There are 2 protein chains.
Amino acid sequence: MDNKALLHKHGLRITDTRLAVLSLLQNSSKALSQSDVERSLPQQADRVTLFRVLQAFEDAGLAHKVMDAHGVARYASCAPTCSTEQHQDSHAHFHCTQCGDVYCLEDVELPKVKVPKGFKQQESHLEVEGRCAACA
Amino acid sequence: MDNKALLHKHGLRITDTRLAVLSLLQNSSKALSQSDVERSLPQQADRVTLFRVLQAFEDAGLAHKVMDAHGVARYASCAPTCSTEQHQDSHAHFHCTQCGDVYCLEDVELPKVKVPKGFKQQESHLEVEGRCAACA
DNA sequence: CAATATTTGCAACCGACTTGCAAATAATGC
DNA sequence: GCATTATTTGCAAGTCGGTTGCAAATATTG
Ligand SMILES: [Zn+2]
Ligand SMILES: [Zn+2]
Ligand SMILES: [Zn+2]
Ligand SMILES: [Zn+2]
């Protein structure tokens, strides 16, 4: 399935910017911030548009958002099983303490945690810190 | 040991604002953002001062910083074993998806994760999402 | 109490995030 | 293809958290 069909399947109209951003995310080994996308995009697009494209991708289950160590949102493409209804991104993330880059890691079995009385658990995420290959 | 001695032990001068912020963190069941602190403080202080107080607490090992789901820093008081040299806050954190509040949880044994070749792991943190007692 | 080092408040700036609105554009049906 | 409609885009502008430089205020030292 090409990306036009992919966008359509997730209920989004096909535009040049969306196609370009989608490819960018798919071909990146790391999660990209909005400004990363803005800088890497072959064509140029307004910041607000990129903000909304990334937001739409997240809503549609095409990309998931990870906060980096500075609290800036970074996006990575989703597994094919993600949809508008539900994301299935249970994998861990690696945060480089030097350059700040964020990488998706494999799925991991997470330990059970005891929460205070009355609290309801939904999902858990593991965040790993360290140095990436370039910085180590 | 009272808080004056505690500040002194961590190499910080004793000021009214620092004492008040320290008590606030110690008596809070949740992690507090800078603006939480500003709102809850009995006395009033400039927001830059609070920023620097929290920053100093983190450097000194008196408080640790957790990013909430919106990428805003929240602070919680540290275990007595934390110091300028090293933090020992290996516990998990609970993030309420409704109100956004962050709570420190117990220590957990974390699973080993495989990272890409050349990457160096340092620390890992577990983030649990769900509803807190008030929101559930 | 004087001398010194630190902390505070203020003004100001930055970057990320967000919204409203009008113009441009994609999808739909003839 | 062409008109109609719903969506997307760009721009202006505003919000908020985080951050710095500097001078005034204050804590510590002796
Ligand atoms: Zn997903
Ligand atoms: Zn991921
Ligand atoms: Zn600590
Ligand atoms: Zn904590």
Side-chain angles (χ1 to χ4, degrees), chain A residues 2-22 24 31-60 62-75 84 99-102, chain B residues 2-22 31-60 62-75 84 100-102:
Chain A
D2 69 355
N3 281 342
K4 291 191 180 181
L6 190 56
L7 284 173
H8 186 259
K9 179 184 157 203
H10 289 260
L12 296 176
R13 293 199 172 180
I14 289 126
T15 69
D16 291 348
T17 303
R18 284 178 177 171
L19 285 170
V21 173
L22 187 52
L24 211 55
L32 301 176
S33 68
Q34 185 188 303
S35 60
D36 286 339
V37 171
E38 188 175 0
R39 247 177 286 111
S40 316
L41 212 63
Q43 63 222 239
Q44 74 131 22
D46 190 85
R47 304 130 195 78
V48 179
T49 300
L50 296 178
F51 166 71
R52 284 192 271 231
V53 165
L54 291 169
Q55 188 177 249
F57 281 9
E58 195 193 4
D59 287 349
L62 282 171
H64 61 281
K65 177 160 72 168
V66 196
M67 289 296 180
D68 72 14
H70 296 314
V72 175
R74 302 203 183 203
Y75 296 84
T84 311
C99 66
D101 281 349
V102 177
Chain B
D2 69 356
N3 281 341
K4 290 191 181 180
L6 190 56
L7 284 173
H8 185 259
K9 179 183 157 204
H10 286 78
L12 297 176
R13 293 198 171 181
I14 289 127
T15 69
D16 291 348
T17 303
R18 284 178 176 172
L19 285 170
V21 173
L22 187 52
L32 300 177
S33 69
Q34 186 188 301
S35 60
D36 287 339
V37 171
E38 189 173 0
R39 247 177 286 112
S40 317
L41 211 64
Q43 63 221 240
Q44 75 130 20
D46 190 83
R47 66 193 203 92
V48 179
T49 300
L50 296 179
F51 165 72
R52 285 193 269 231
V53 164
L54 292 169
Q55 188 177 250
F57 280 10
E58 195 193 4
D59 287 349
L62 283 170
H64 61 281
K65 177 160 73 168
V66 197
M67 290 297 181
D68 72 15
H70 296 314
V72 176
R74 301 202 184 204
Y75 295 84
T84 313
D101 281 349
V102 177

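Note that the coordinates shown come from a computational prediction; the quantities given were computed from them, not determined experimentally. By convention in this document, chain letters (A, B, ...) are assigned in the order of the sequence lines, proteins followed by strands, and residues within each chain are numbered from 1. Basis for what follows: all heavy atoms, side chains included, without hydrogens, waters or symmetry-related copies.
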Participant: Atom NZ of A:Lys65 and atom CZ of A:Arg74: how far apart are they, to the nearest 0.5 Å?
Facilitator: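 That separation rounds to 14.0 Å.
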Participant: Side-chain donor-acceptor pair under 3.5 Å between B:Thr15 and B:Thr17, yes or no?
Facilitator: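 The answer is no; no qualifying pair exists.
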Participant: Please tabulate, for side-chain N and O atoms in residues 2-12 of chain A, each donor-acceptor pair with protein atoms closer than 3.5 Å (sequence neighbours left out).
Facilitator:
{"from": "A:Asp2", "atom 1": "OD1", "to": "A:Lys4", "atom 2": "N", "distance (Å)": "3.4"}
{"from": "A:Asp2", "atom 1": "OD1", "to": "A:Ala5", "atom 2": "N", "distance (Å)": "2.9"}
{"from": "A:Asn3", "atom 1": "OD1", "to": "A:Gln26", "atom 2": "NE2", "distance (Å)": "2.9"}
{"from": "A:Asn3", "atom 1": "ND2", "to": "A:Gln26", "atom 2": "OE1", "distance (Å)": "2.9"}
{"from": "A:His10", "atom 1": "ND1", "to": "A:Ala60", "atom 2": "O", "distance (Å)": "2.7"}

Participant: Anything under 4.0 Å to a heavy atom of chain B counts; send over the first and last such nucleotide of DNA chain C, read 5' to 3'.
Facilitator: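 The protein-touched segment is C:dA5 to C:dA12.
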Participant: More 5' along DNA chain C: A:Arg13 or A:Met67, using each one's nearest nucleotide?
Facilitator: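 Going by which nucleotide is closer to the 5' end, it is A:Met67.
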Participant: For DNA chain D, which residues of residues 42-55 of chain B approach it to below 4.0 angstrom with any heavy atom?
Facilitator: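 The stretch gives B:Arg47, B:Val48, B:Phe51, B:Arg52 as the residues lying under 4.0 Å from the strand, ordered by number.
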Participant: Given atom NZ of B:Lys4 and atom C1' of D:dA27, what is their separation to the nearest angstrom?
Facilitator: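 Those two atoms, NZ and C1', are 12 Å apart.
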Participant: List the atom of A:Val72, the atom of A:Ser33, and the distance in Å for their closest heavy-atom pair.
Facilitator: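 Nearest pair, atom of A:Val72 first, then A:Ser33: CG1-CB, 4.2 Å.
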Participant: Just grab all the salt bridge (Lys or Arg N to Asp or Glu O under 4.0 Å) pairs involving residues 39-51 of chain A, residues at least two apart or on different chains.
Facilitator: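 Qualifying pairs: A:Asp36-A:Arg39, A:Glu38-A:Arg47.
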Participant: Which is true for A:Ser35 with a 4.0 Å heavy-atom rule: it touches a base, it touches only sugar-phosphate, or it touches nothing?
Facilitator: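 The residue A:Ser35 makes sugar-phosphate contact but no base contact.
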Participant: Roughly what angle, to 10°, lies between the helix axis at the start of the helix from C:dC1-D:dG30 to C:dC30-D:dG1 and the one at its end, five pairs per end?
Facilitator: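 One end axis against the other gives 40°.
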Participant: Rounding to an integer number of Å, can you tell me how far B:Asp36 CG sits from D:dG18 P?
Facilitator: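 The answer, rounded to whole Å, is 11 Å.
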Participant: Just call it for A:Ala73: base, sugar-phosphate, or nothing, with non-hydrogen atoms closer than 4.0 Å on any strand.
Facilitator: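 Sugar-phosphate, no base atom in range.
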Participant: Any idea which heavy atoms bring B:Ala69 and A:Met67 closest together, and the distance?
Facilitator: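 Taking every non-hydrogen atom into account, O-CE, 3.1 Å.
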Participant: Would you kindly give the CD-to-P distance between B:Gln34 and D:dG18, to the nearest whole Å?
Facilitator: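 To the nearest whole Å, that distance equals 6 Å.
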Participant: Measure from CD1 on A:Ile14 to C1' on D:dA6 and round the result to the nearest Å.
Facilitator: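 That distance rounds to 15 Å.
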Participant: Quickly work out the B:Lys9 NZ to D:dT28 C1' distance and round it to whole Å.
Facilitator: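 Going from NZ in B:Lys9 over to C1' in D:dT28 covers 21 Å.
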Participant: How about B:Gln43: does its CD atom have over 12 heavy atoms from other parts shown lying under 6.0 Å from it?
Facilitator: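 Counting other residues, nucleotides and ligands, CD of B:Gln43 exceeds 12 neighbours.
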Participant: Side-chain polar contacts of residues 48-57 of chain B - donor-acceptor pairs under 3.5 angstrom, sequence neighbours left out - could you list them?
Facilitator:
none

Participant: To the nearest Å, how far apart are A:His8 NE2 and D:dA6 P?
Facilitator: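 Distance check: A:His8 NE2 to D:dA6 P gives 17 Å.
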